[in-house]
Amino acid sequence: MTHPAAPGRRTGDDPLDDTDLSILGGIRQLFEAADPMPADLPERIHFSLALPGLEYEVARLSAQEDHRMLAARGAEQSRTVTFDSASLTIMIRIDANSDGTARLDGWLAPPQRRTIDLKITGDTLLTVTDDHGRFVFNRVPHGSAQLIVRAAPEAAGSGQAVMTPALML
Amino acid sequence: MAELTPVEHRDARPGTADEDRGSRVADLVRAARNGHQDAIGTLVTEFSPLLWQVARAAGLDTGDAEDVLQTVWLRLLTHLDDIRTPSALVGWLVITTRRESWRVRSQARRHIPAERDWLAAIPDAGMRAEDLAVTADGRRELAAALGQLSPRCQELLRIVAFVPRPDYGIVAAELGMARGSIGPTRGRCLARLRALLDGSTEGSPR
């Protein structure tokens, strides 16, 4: 190290000095080199935050299951993802279509009629759940996608809007 | 919420770049509260590298770390009204990321990466010499000394190293590190690291 050898014993109670700041700077550089944040992550986060200024409940990813083992045995490749918010559980199953798009089947629990927005890059797809809380998007292009659960058209204002973090499809 | 308690920053001298930065972040928070997407985007760009280190230091793999960062920023949107100072913002972001990371890690039964993976990942080249506070030798020495600290000290120092200096005090205090009456103190983890570095400098003449 290039820091000067300061006289006397140093303890944790001393205020930070220049050597401490230089060591912290060195630690920062170590981790910036060894484990940098993916460069495009802020952009993807910003994508999922770019929503109109409404009150939202935030659903959190609570389970994710990959079925690649099944795919190896001949079944089509799929994965299931579960999000939980204070009022809703959102389960989705993502299957690969033969044309390279993805099919997304979803369920809301408790079952209820809601409008579902699927925000994808540069566009928003829209559907409505049935009485059992089921919904489907048949063809979703690859890329980032985010679900927003809103009030059903015939019941405007009922139920807090819920949004999920963006998923990579 | 305890983590939102404003803390006075005696180490931020008036008229310094630190203060300019503080008022800029305060402006961004205010604009974000009023729904300005650009302000939110700027905050995301500025603080995500810190939160990435917080999530990775908590032992998450890269995919989980990305999910946690998304969740934390989404939650911030619903908490903006509670954030009163720039330091409170940084404190809230760090603590929320850490808690969320623990939650994901404990619920997922996912494998936790070997503690010192990052040591092996340190490249020998690729950084500009003039950017380094330490030489290449010093860097290896620093990595080796860090590796001798407890996992908790490694995590704390890794996080604090990415915290903007004026916010060091609030974050260190939230993470349970020492904070003296005058300002941020070295804390035991950093004191121990310095002792190790001094020992290796004195003990191995080159």
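Chain A is the first sequence line, chain B the second, and so forth, proteins listed ahead of strands; every chain is numbered from 1.
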Rounded to the nearest 0.5 Å, what separation is found between the [atom1] atom of [X] and the [atom2] atom of [Y]?
X        : Y        : atom1 : atom2 : result
B:Leu157 : A:Ile23  : CG    : CD1   : 9.5 Å
B:Leu76  : A:Ile45  : CG    : CD1   : 11.5 Å
B:Leu146 : A:Ile27  : CG    : CD1   : 4.5 Å
A:Met37  : B:Leu51  : CE    : CG    : 9.5 Å
A:Leu30  : B:Leu142 : CG    : CG    : 5.0 Å

Query raised in the report: Where does B:Leu43 contact chain A at under 4.5 Å (heavy atoms): side chain, backbone, both or neither?
Result: neither
Requested in this report: Please look at B:Glu100 and chain A and tell me whether the side chain, the backbone, both or neither of the residue comes under 4.5 angstrom of a heavy atom of that chain.
Outcome: side chain
pair [X]-[Y]: side-chain heavy atoms closer than 4.5 Å:
X       : Y        : value
B:Thr62 : A:Pro38  : no
A:Leu61 : B:Thr71  : no
B:Gln53 : A:Arg28  : no
A:Glu32 : B:Phe162 : yes
B:Leu74 : A:Pro165 : yes

**Report entry** Residues in residues 25-33 of chain B that sit under 4.5 Å from chain A, counting heavy atoms only
**Finding:** none
Query raised in the report: In chain order, what residues pass the side chain to side chain donor-acceptor pair (under 3.5 Å) check against A:Thr115, with sequence neighbours excluded?
Result: none
Query - For A:Arg44, all residues meeting salt bridge (charged side-chain N to carboxylate O under 4.0 Å, His left out), sequence neighbours excluded - result: A:Asp40, B:Glu66
Query raised in the report: In chain order, what residues pass the salt bridge (charged side-chain N to carboxylate O under 4.0 Å, His left out) check against A:Asp123, with sequence neighbours excluded?
Result: none
Query raised in the report: Got a sec: does the CG of A:Asn97 have more than 12 other heavy atoms crowding it under 6.0 Å?
Result: yes
Requested in this report: State, to 0.1 Å, how close A:Asp35 and B:Trp52 come at their nearest heavy-atom pair, and which atoms those are.
Outcome: O-NE1, 3.1 Å
Heavy-atom distances under 4.5 Å only: say whether [X] touches chain B with side chain, backbone, both or neither.
X       : answer
A:Leu21 : side chain
A:Leu41 : side chain
A:Glu43 : neither

